[in-house]
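Here the structure is a predicted model, which is why all the values come from computation and not from measurement.
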Amino acid sequence: MEGLPTSTKAERRWRSKNLQTSKPSLVMVFFSCVAWLYVAGRLWQDAENRTLLANLLKKNIEQRPKVLTVEDKLMVLGCKDLERRIVEAEMDLTLAKSQGYLKHQLRQSGSSDQKLLAVIGVYTGFGSHLKRITFRGSWMPRGDALKKLEERGVVIRLVIGRSANRGDSLDRNIDEENRKTKDFFILDGHEEAQEELPKKAKFFFTAAVQNWDAEFYVKVDDNIDIGLEGLIGLLEQRRGQDSAYIGCMKSGEVVAEEGRPWFEPEWWKFGDEKSYFRHASGSLLILSKNLAQYINVNSASLKTYAHDDISVGSWMMGVQATYIDDNRLCCSSIRQDKVCSVA
């Protein structure tokens with residue numbers, strides 16, 4: 001038929017050959033894609049492994065002991081040297097304090113520069129105003145008589161701490177009373193409370209030895225009367241005696257039942273028999289100057305118990321104290337020559 005194109009044999013052979021060559025190309029492209037995906041997956045996995053290994057290596061480096069440089073070693077040696085010098089300075093300070101060389105250990109104004117026979121501290125409290133009036137009207141001198149007694153070498157002061165609410169009406173009342181009578185020894189660092197009495201003994205002896213140079217330091221409760229001349233005579237006989245721990249010596253049962261009078265919270269420290277060691281009754285006890293200085297120097301580390309006389313007795317057990325049991329200081333006894341009595 002005329003007008004229709006006809007294909008020659010050569011054209012048919014070319015088309016057949018072209019179809020045959022395209023099939024291997026498609027197969028190669030497919031395998032190339034698979035290979036690319038495999039390589040990409042391995043590269044991504046290797047990157048993750050490298051990140052994990054880097055983190056582990058960093059952690060191991062941080063945990064590995066540090067190698068000290070020369071500067072580090074010098075710093076350590078410098079700290080050790082500084083620590084040694086601090087310890088030496090503390091020892092020198094303690095020695096100076098025990099020998100009275102510290103600047104803050106100033107004597108109270110009005111007190112004599114000569115060595116006194118005794119400093120007598122009479123414990124009192126915020127609610128003991130009527131007792132103080134009784135003291136001043138009986139055995140405790142007032143005004144000029146108090147000054148004359150100091151000229152004889154005996155200082156008497158009413159000892160009290162501060163209120164838990166510093167500067168309240170309790171403190172103001174004591175300050176006002178002291179302005180009139182000038183016979184208080186106020187322990188500014190001590191909180192006045194019944195449960196703080198053992199600490200009050202520590203504060204009293206520490207402050208007294210810092211303020212007055214005396215042969216003896218006497219602690220007296222506010223529930224007894226004193227034969228003042230008899231007490232002075234007793235102290236005169238002991239003048240010059242170091243390490244003297246004087247009082248009405250006793251021991252007695254340790255009360256382990258809470259709620260009972262004289263309960264001792266640390267009763268278990270006193271052994272199976274629960275008996276106190278020998279100690280001077282807290283109504284009136286006397287320490288020589290070197291024993292009071294011992295309390296002053298070591299006050300920060302001295303242990304207190306539930307009662308002040310037990311606390312003082314425990315401190316005396318650790319030193320070469322001379323125990324002097326004087327029945328004249330047993331205030332509840334019926335001896336005729338005793339120097340104190342229960343009020």
ask   = Cluster question for you: counting only ILVMFWY and a side-chain heavy-atom cut-off of under 4.5 Å, with indirect links fine, are Val319 and Tyr217 together?
value = yes

note = By ring pair (Phe, Tyr, Trp, His ring centres under 6.0 Å), Phe135 pairs with (sequence neighbours left out) Trp139

remark   = Taken to the nearest 0.5 Å, the spacing of Phe205 CZ from Leu287 CG works out to 4.0 Å

inquiry  = Could you check whether Glu176 pairs with Arg179 (Lys NZ or Arg NE/NH1/NH2 to Asp/Glu carboxylate O, under 4.0 Å)?
reply    = yes

message = Which heavy atom of Arg162 sits nearest to which heavy atom of Ile186, and what is that distance?
response = NE-CG2, 3.5 Å

ask   = Could you go step by step and tell me if Asn165 and Ser163 meet the side chain to side chain donor-acceptor pair (under 3.5 Å) rule?
value = CA-CA 5 Å; Asn165 303 311; Ser163 169; 4.7 Å; no

query = Distance-only, no hydrogens or angles: does the Arg132 side chain make a donor-acceptor pair with backbone N or O of Gly125 under 3.5 Å?
reply = yes

request  = Determine, for cysteines Cys248 and Cys331, whether their SG atoms are under 2.5 angstrom apart.
outcome  = no

request  = Only counting residues at least two apart or in another chain, list the ones meeting ring pair (Phe, Tyr, Trp, His ring centres under 6.0 Å) with Phe216.
outcome  = none

key: Ring-ring centroid check Trp212 Phe185, cutoff 6.0 Å   = yes

request  = Would you please name every residue forming a ring pair (Phe, Tyr, Trp, His ring centres under 6.0 Å) with Phe203, sequence neighbours left out?
outcome  = His190

query = Would Lys200 count as a cation-pi partner of Tyr123, with NZ or CZ less than 6.0 Å from the six-membered ring centre and within 45° of the ring normal?
reply = yes

ask   = Should the heavy atoms of other residues, nucleotides or ligands under 6.0 Å from CG of Asp144 be counted, would the total exceed 12?
value = no

inquiry  = Check this for me: does any side-chain nitrogen of one of Arg166 and Asp188 sit under 4.0 Å from a carboxylate oxygen of the other?
reply    = no

message = Can you tell me how far apart CG (Leu197) and NE2 (His307) are? Round to the nearest 0.5 Å.
response = 10.5 Å

ask   = Does Glu191 use its side chain to pair, donor to acceptor, with the backbone of Gly161 at less than 3.5 Å?
value = no

message = Between Asp221 and Lys219, does any side-chain N to carboxylate O distance fall below 4.0 Å?
response = yes

inquiry  = Salt bridge check, Lys289 against Asp213: does any charged N sit closer than 4.0 Å to a carboxylate O?
reply    = yes

remark   = For Val119 and Ala214 the tightest heavy-atom approach is CG2-CB, 3.9 Å

inquiry  = With a 3.5 Å distance limit and no angle check, can you tell me whether Ser288 reaches the backbone of Ser243 through a side-chain donor-acceptor pair?
reply    = yes

key: Inter-residue atom distance Ile324.CD1 - Leu285.CG, 0.5 Å rounding   = 12.5 Å

ask   = Thinking salt bridges, do Arg239 and Glu236 make one under a 4.0 Å N-O criterion?
value = yes

key: N/O donor-acceptor pair under 3.5 Å between Asn290 side chain and Gln293 backbone   = no

query = Is the side chain of Ser251 donor-acceptor paired with the backbone N or O of Arg278 at a distance under 3.5 Å, no angle test?
reply = no

inquiry  = Taking Phe184's backbone N and O only, do any of them form a donor-acceptor pair with Asn178's side chain (distance below 3.5 Å, no angle check)?
reply    = yes

key: Nearest-0.5 Å distance, NZ of residue Lys199 to OG1 of residue Thr206   = 13.5 Å

Ion pair check, Arg136 and Glu177, cut-off under 4.0 Å = yes

task = Report the distance from atom CG of Asn296 to atom OH of Tyr294, rounding to the nearest 0.5 Å.
result = 12.0 Å

request  = State yes or no: do Val342 and Ile226 share one hydrophobic cluster built from I, L, V, M, F, W and Y residues joined by side-chain heavy-atom distances below 4.5 Å, directly or via other members?
outcome  = no

task = Can you establish whether the number of heavy atoms outside Lys202 located under 6.0 Å from its atom NZ is more than 12?
result = yes

note = Between the CD1 atom in Ile160 and the CD1 atom in Ile174, the distance rounded to the nearest 0.5 Å is 3.5 Å

message = Met140 and side-chain contact (heavy atoms from CB on, under 4.5 Å): which single residue from Leu149, Thr134, Ile156, Asp225 fits?
response = Ile156

